[in-house]
Amino acid sequence: MSGSVPAILLTLNLAAVTTLILFVLGTPLAWWLANTRSRVRPFIEAITALPLILPPTVIGFYLLILLNPTAPIGRFWVTVTGDTLTFSFAGLVIASILYSLPFMVQPLQTAFDRIGRDQIEAAASLGASPLDRFFSLVLPLSARGFLTAGILTFIHTIGEFGVVLMVGGNIPGRTRTLSIALYDHVEALRYDQAHALAAGLVILSLIVLSLVYWLNRRSPRHDG
Amino acid sequence: MSGSVPAILLTLNLAAVTTLILFVLGTPLAWWLANTRSRVRPFIEAITALPLILPPTVIGFYLLILLNPTAPIGRFWVTVTGDTLTFSFAGLVIASILYSLPFMVQPLQTAFDRIGRDQIEAAASLGASPLDRFFSLVLPLSARGFLTAGILTFIHTIGEFGVVLMVGGNIPGRTRTLSIALYDHVEALRYDQAHALAAGLVILSLIVLSLVYWLNRRSPRHDG
Amino acid sequence: SAAAEEALIAVAANFTRPAEDLAAAFQAETGHTIRIATGSTGALYAQIRQGAPYDVFLAADTERPARLVADGLADADTLTPYAMGRLVLVGADTADLPPLDRLRAGDVQRLALANADLAPYGRAAEQVLDRLDVCLPERQRLRGQNVAQTLAMFTTGNADLAFIARAQLGGIGPSSASLIPADWHDPIRQDAVLLLQARDNEAARAWMDFLISPTATDILDAYGYGAAE
Amino acid sequence: MTDSGLEFDLTRRIGGFILRGRASLPACGIVSVSGSSGAGKTSLLRAIAGLDSGLSGQVRFAGETWHDGTCRMPVHRRRIGIAFQDTRLFPHQSVAGNLAYGAARAPAGTPGPDRAEIIALLDLHPLLKRAVAGLSGGERQRVSLGRALLSRPRLLLLDEPLSAVDTARRNRLLPDLRQLLLDHGIPALHVSHSRAEIAQLADHVLPVRDGQCGACHPLNDWLAAQDASHPFSLLEGHLAGHDTENGLSTVRLGEASLVLPGLGEVPAGASLRLIVRARDVALALDPVPGLSIRNQIPVRIKGIRPQPGTAYCDLDLALDGQVLTARITRAAADSLSLETGQSVIALIKSATLDPAQE
Amino acid sequence: MTDSGLEFDLTRRIGGFILRGRASLPACGIVSVSGSSGAGKTSLLRAIAGLDSGLSGQVRFAGETWHDGTCRMPVHRRRIGIAFQDTRLFPHQSVAGNLAYGAARAPAGTPGPDRAEIIALLDLHPLLKRAVAGLSGGERQRVSLGRALLSRPRLLLLDEPLSAVDTARRNRLLPDLRQLLLDHGIPALHVSHSRAEIAQLADHVLPVRDGQCGACHPLNDWLAAQDASHPFSLLEGHLAGHDTENGLSTVRLGEASLVLPGLGEVPAGASLRLIVRARDVALALDPVPGLSIRNQIPVRIKGIRPQPGTAYCDLDLALDGQVLTARITRAAADSLSLETGQSVIALIKSATLDPAQE
Ligand SMILES: Nc1ncnc2c1ncn2[C@@H]1O[C@H](COP(=O)(O)OP(=O)(O)OP(=O)(O)O)[C@@H](O)[C@H]1O
Ligand SMILES: Nc1ncnc2c1ncn2[C@@H]1O[C@H](COP(=O)(O)OP(=O)(O)OP(=O)(O)O)[C@@H](O)[C@H]1O
Ligand SMILES: [Mg+2]
Ligand SMILES: [Mg+2]
C-alpha cells in the first residue's frame, strides 16, 4: 500500500483541481442554461451531456490527437509553458474536466431550474446586483445541487481511468493515478495488493462521503 | 459500420433496460433520502455515490467474483434461469445498474429536495394518497430532475466500458456493446472504422439529445 | 464428427487482426465457426477464472496460460506456443537517422513503451534499454498498458519513438522502423491453451491443431511474427 | 355514527409556541376562528387537518376518530377541503386543472356543489384556461377556494380565504358562499381578520388568543362581547312593509317600528336581524320635532355602564323585551341626568341602519 | 436633479391583459393605489420597479430615468423597497438575516430609519432569531415590510403589506408608519383593499380599473367621490383643549367647535383632520335641548343632492368656509321642508368621531 502514496496524492490533487475548475466553468454554464430563452439551448444541453457517450479510452485517443505537441492546442501550450500538454498533469486536468463536465453541469442546472424568480426579484429590489444575488441567494438555495455536482465530479475523477491512462501515460508520480495503479495490480495478477488498495479506497471514501453528507444534513427542504 | 449493428442494438437495449430499472429502483431511494430524518441517511447517501470511486475494470473484477456461478448470487441465478449471470445480458444489466446508480439517485434527490411540503400538503387535503401525490405532483414538478437522471444514466451506460467488458466478456452479439466494439477498433488499429463509428455515435447522440432537450424546453421554471 | 461446430476464442487485444485472418482461413478449411472475444490478457485470465464461456485462450504471454493450467482450468496437454513476437522501434520517417540510432544518440524527447508489468513487449523493451544503457528519465518514458496504446501514443504524435510489435507495423502510416535483434531480450512467446470446459468442442480442438499448421504459420509470418520454436 | 360535528381536545408545541384547544363544534354551520396575528389560528386548522406531527390529544369528526394519541388517520382520507392562507395552487396545472384535482379524487357519487355552481359563485370562468403563474393575488384565492369546494369535502377549513379580494366582490360573494355551505350541509371552520367577513359568514365564533382556544360563542354574543369599544345590538323583528317611493322599509319590533332603507326585495312578514351600532344610537328626553332623525323610539333605561378609560358610558335600553345598547359620552349622560328606570327616546338615523353599508 | 417625484407613462401587455398608466406623483407623501382584485395594481408596481420586461414607455424618478423605451436601469440600482404581496422572505436566513439583507446593501451613509426604530415600529423583536418557515402570515408581512424599510429605499412600493395583520395591530401601526415615512421623506406607493388603511396612510389615491390608471386624486376627493354610498367629509381644524375628566377633546373649526373623545395625547393648538361620515350627520331645524348629541353646529345648506336609486339625499352644509356633508333620507328632508340657503343645525354624535373606531 505504501507504494500507492504518490498515486493517492496525485489522484486527490487531480480530483480537487478538476472539481474546482469545473465549479468555476460549470456554474455559469448551468446558470445560463437554466435561464436562457435562446433557441440553441437544447443543442448546448446535448453537448454538455455528450462527453459520456464515448468510452473513456476512445475519448483519450481523440484527446491524444487533439492535444499532441504538433496540434495547434498542444503546440500553443508548449510555447507558453515549455511542457507538453499530453502526459502532464495539465493534460490530465483538461481530460478530466472534459470527461466530468456532465456531472457538474447537469445537477447544477436541475438545482437552478427550481429556484423561482420570486426570491431573485426580492433580492434585486433590496439592492443586490446579479452577482451578489447569485452568491447570497442562488448559491445557498441550491446548496444540495452544488454538493451533488461536486461529489459526482470529484468521485468520477477519482474513478476515472481510461481517459487518464491514455492522456497521462501512467508515469509514476506524474500521471499514474490511483485507479491506474489499481488496474495494474489486477492486470498483473497482484490480487492481494489490488484487494487492499480497493478496500482502502472504498472505506476511506465511505467515511469521507458520509461526513460530507452528514455536514450537509440540514437540507433546505421543508421551507416552501 | 454494418458490422456494428448487433453491437448498437445490444447497447441501446442495455442502456434502455438499465435506465428503466434504475428509474424504478432509484426513484423511491432518492425520495426516501430526500425526506427521511433517519440518522443513517448520510451513510446511505455516501453508499449511493460510491460505485464511481473504483475504476470500472476493478468494479468489473469484483462483480465477476460476486456474480460467478459458484458464488451465492450467481448460483441462485443459475438454478432459477439455467443461465449464468456473468457473461450474459442479465449480468451486464446488473453491472450497469450498479455502476450508474449515482447518476440516477443523486440528480433525483436534488430535484426532490427542492419540492416544498406546501404543495404536497395541499394535494393531501384534496384527497390524494401518497402514491397519487407522487405521480400527480412530485413527478411533474421534478420533471427536469428525471430528465437529467435519465439522460446521465442512459448515456453513461452507453459509454460505459470497463465494467461491461469485464463482466460481459466481449462476446459478439451477446455482450459486445458499442463502446467495446469501438475500443476494439482502436486497439486493433482499425482507426478508420473507429473514426466512423465514433463520429456516427456522436452525431446520432447529439441529434437525439437535442431533440429530447428541445421537447423539454418548457421547463417548470418561473412558476414560483 | 463432420458437423460444423463453433468455438469462442479469447484473444489478447493486440493479436486481434491476425486472429481474424486465422479464423477466416480456418473456417474456409474446416467449416467450423470461430468467434473472437478480445481483451487484455490479465482481464481475460480473470474472466476465465470466473467461468467465462471461452473455449480457447490465446494469451500475449506464457505466464497466464500456465497459471490456468495450474488452476486446473486448462488442458496442460494443449499448451502451445503459437507465435513469437518481435520488437521494433519506430520513429518518424522524416528523421535522418534510423530510430535505433536516435535512441542510442539520446535524440529522443518521449519514448513510448508498454508497461513491463503487464505486457511482454514492455519487459522486452526495458531489457533493450538496459542493454543499450540508455538512461532516460522516468518522465520521458510513456507507458501504455499494452502495445496498442503504446502505438497510439506514437501515431497521435505524442511520442517520437515507440517500442511496438512488428505485427503492428502494417497498421501505421509512413514511418521508419528498426527491428530489434531477437537475442537482445527474452523471447516474447505467446502461448495458446484449450480450456477444460471445451474438451469436447470439435471446433476448438481443430483450432488448436490449426494454430501450428503451415497455413497458420504463413499468415503469422506475413504479420511479422517469428515462428514458434 | 353520531350526529356530532367536530370535536377536539389537543395540545401542540412548536418551538416556543404552545397551542391548546378543546371544543365541540356543531355538525353544521360555519364557525369563524378569530384572533390576532400569530395567535395560532393557522396552527389550529393544521392540527385539525392532521398536517402536523407532534400533536397530542384527540380530534373526532362526525363520530369518526381522526386523531387519538399516536393513531392518526392520514390527511387524504379525512376528506377536508382547505383553502390555505398562501393558496398553494399547483404551478404545473392550469386553473381548470387545479379545480379538477380535488374533484377527480372525490369518491364517486358523493353529494356536493357541482362545478358550474362553484365557477359561477367565484366568477372563475374567465380564468379557467389561464396558467396559475399569471393570476393576481385575489384571483389565486378564488381559485384556491373553488378547488377546496370542488373536492366535495365533509369539512371545510378556510384560512383567510378572501383577504386579497376587494370589499365589493367579497360582499357579493359571502352571502352566496354561506348559502351554498348551508344548502349542502358542509360545516366550515373559517379564519379571518375582518369583522365584516365574520359577521356575514359565521354562525359561531371560536376565539383564539396566545395559542389558547376559548369557548365557542354564537355570533351575536361574540359581536357584542368581543370588543367593548364597538358594542352592537342585535334586534329581531319582521318586515312590515315598503315605502317604494322613498326607498324605505319599515321593520316592526313588537310595538315599536324602525324605518330603514334598501330592503326592497325582502317579502313583507319575513323575519330579520338588524345590527344596530351602539354609537349610532342617540338619546333624547322627549320626542324631538324638526329633526332629520325619523326613528324616535320610546325605551326605558335598564342599566347605565360607564366605560372606564374612555369618554363613554353605555346604556342598555329595554325595547319591547329586547335590549338596545346606546353609547354616548359620559358628559352627555351627566348633562341629561339619565338614570336607570327612566323613560327616554332612542334616536336612530335610518342611514346608519342601511344593510348595504359594511 | 429636479424636485419631481415619480413620473410614468407606460404600457404593458401580459397575455390578454393590458396595463396603461400615466401619472406624475408628488416627490413625497404616500399614494395609495386602489382598484378591485385583478385591476392591475400589482402589475403597475412591478412595471415601476422594473421587474417585468416588455414594458414600453417611460418611468422617471427624482429626475432620473429608470425606463425609456429599450433603455432600462437595473432593478438593484433603483433603490426601491418592495413589500411583495406574497412577502418573499428568504427561506435560508433567519428573520434577522432577512432584515439585514437590504440594510447591508444600502450605500453607506444613506439617511433613513434605523434598525431599532423599525424593529420597534413593527414589533419584530420577539421574531428576530426565528426561522422564516415558522412565521404566521401576519408575522411574515411585518418582516417583509421591515426588510423593505431597512434597505433605505428612495421609493417604497407596498403591495397589500398588512392584509394578514389583525385590525387592532394595523390601526396601531399605520399612523406610526405614516409618520416614519414622512419624517424620512420616503415617498411610497401603497396597494390596499381596505378603505380604512388607505384613509389612514395616504395623501393621494391613484385609482386603477381594468388595467387603466386613472388620475391621481387627493385623499379627501377620492374618499368623497369613489363610492357615492359612503360619503365622507374631511374637516381641517385645530385642537382647542382637553376635558380630561370626561376623556373628551374640543376641536375648533373656525367659529364652530366639535367635541370628540380620545385625543388625549395631541398637544393643544395642533392641527388635525377629522373624517366625518355623512350618514353620521343629522339635521335639526333648531337647537335641540335634552339630547345626548352634544355637537350641535349651526350650518347653512349649500346644496341638496337627491341620490337616485337610494332612499337618500345628501346635503352640503357650509361650515365656516368648509363643507360638511350630511346624508339623510329623502323622506326626512321632505318632512323638514329643507331648502338651499336655509340655516339649520348639524347634529354629530361624539361617539361617531372617535378616531379609535375603524
Ligand atoms: N418554530 C417555532 N418557534 C416559535 N414559535 C413558532 C414556531 N412556529 C410557529 N410559531 C408561532 O406560532 C404562532 C402561531 O402561528 P399561526 O400561523 O398559527 O398564527 P395565525 O394565528 O395563523 O396568525 P396570522 O393571522 O398572522 O396568520 C406564531 O406566533 C408563530 O410565530
Ligand atoms: N398571462 C396573462 N394572461 C392574461 N391575463 C393576465 C396574465 N398575467 C396577468 N394577467 C391579468 O392581469 C391582471 C392584473 O393582475 P395584477 O396582479 O396586477 O392584479 P391586482 O390588481 O394586483 O389584483 P389583486 O388585488 O388580486 O392582487 C389580472 O386580472 C391577471 O389575471
Ligand atoms: Mg395564519
Ligand atoms: Mg396584487
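Numbered from 1 within each chain, the chains take letters A, B, ... in sequence-line order.
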Side chain, backbone, both or neither of D/Thr87 within contact of chain E (heavy atoms, under 4.5 Å): neither
Approximate separation, where rounding is to 0.5 Å, of E/Leu347 CG and D/Leu347 CG: 9.0 Å
Residue among D/Leu336, D/Ile328, D/Thr329 with most heavy-atom pairs under 4.5 Å to chain E: D/Leu336
Over 12 non-hydrogen atoms of neighbours within 6.0 angstrom of CZ in D/Arg209: no
Rounded distance [0.5 Å steps], CG in E/Asp280 versus CZ in D/Arg279: 6.0 Å
Toward chain E, the part of D/Leu338 with a non-hydrogen atom under 4.5 Å: neither
Residue D/Val281 versus chain E: region with a heavy atom under 4.5 Å: backbone
D/Arg13, CZ: over 12 other non-hydrogen atoms inside 6.0 angstrom: no
Options E/Ala168, E/Gly134, E/Ser136, E/Gly16, ranked by heavy-atom pairs under 4.5 Å with chain D, top entry: E/Ser136
Contact winner vs chain D - E/Ser37, E/Ser36, E/Gly138, heavy-atom pairs under 4.5 Å: E/Ser37
Backbone N/O of E/Ala164 and side chain of D/His193: donor-acceptor pair under 3.5 Å: yes
Under 4.5 Å from any heavy atom of chain E - which part of D/Glu245: backbone
Portion of D/Asp334 that has a non-hydrogen atom of chain E nearer than 4.5 angstrom: side chain
Segment of D/Ala131 engaging chain E (4.5 angstrom heavy-atom cut-off): neither
Residues from residues 283-293 of chain E approaching chain D under 4.5 Å (heavy atoms): E/Leu283, E/Ala284, E/Leu285, E/Val288, E/Gly290, E/Leu291, E/Ser292, E/Ile293
Heavy-atom pairs under 4.5 Å with chain E, option from D/Ala282, D/Ala333, D/Gly15 with the top count: D/Ala282
Selection from D/Lys349, D/Gln85, D/Arg330 maximising heavy-atom pairs under 4.5 Å formed with chain E: D/Lys349
Separation between OH of D/Tyr312 and CG of E/Leu248, rounded to the nearest 0.5 Å: 8.5 Å
Engaged part of E/Ser194 at the chain D interface, taking heavy atoms whose separation is under 4.5 Å: neither
Nearest heavy-atom neighbours spanning E/Gly38 and D/Glu139: CA-OE2, 3.9 Å
Other residues, nucleotides, ligands: >12 heavy atoms within 6.0 Å of E/Asp52 CG: yes
Whether over 12 other heavy atoms sit under 6.0 Å from E/Asp243 CG: yes
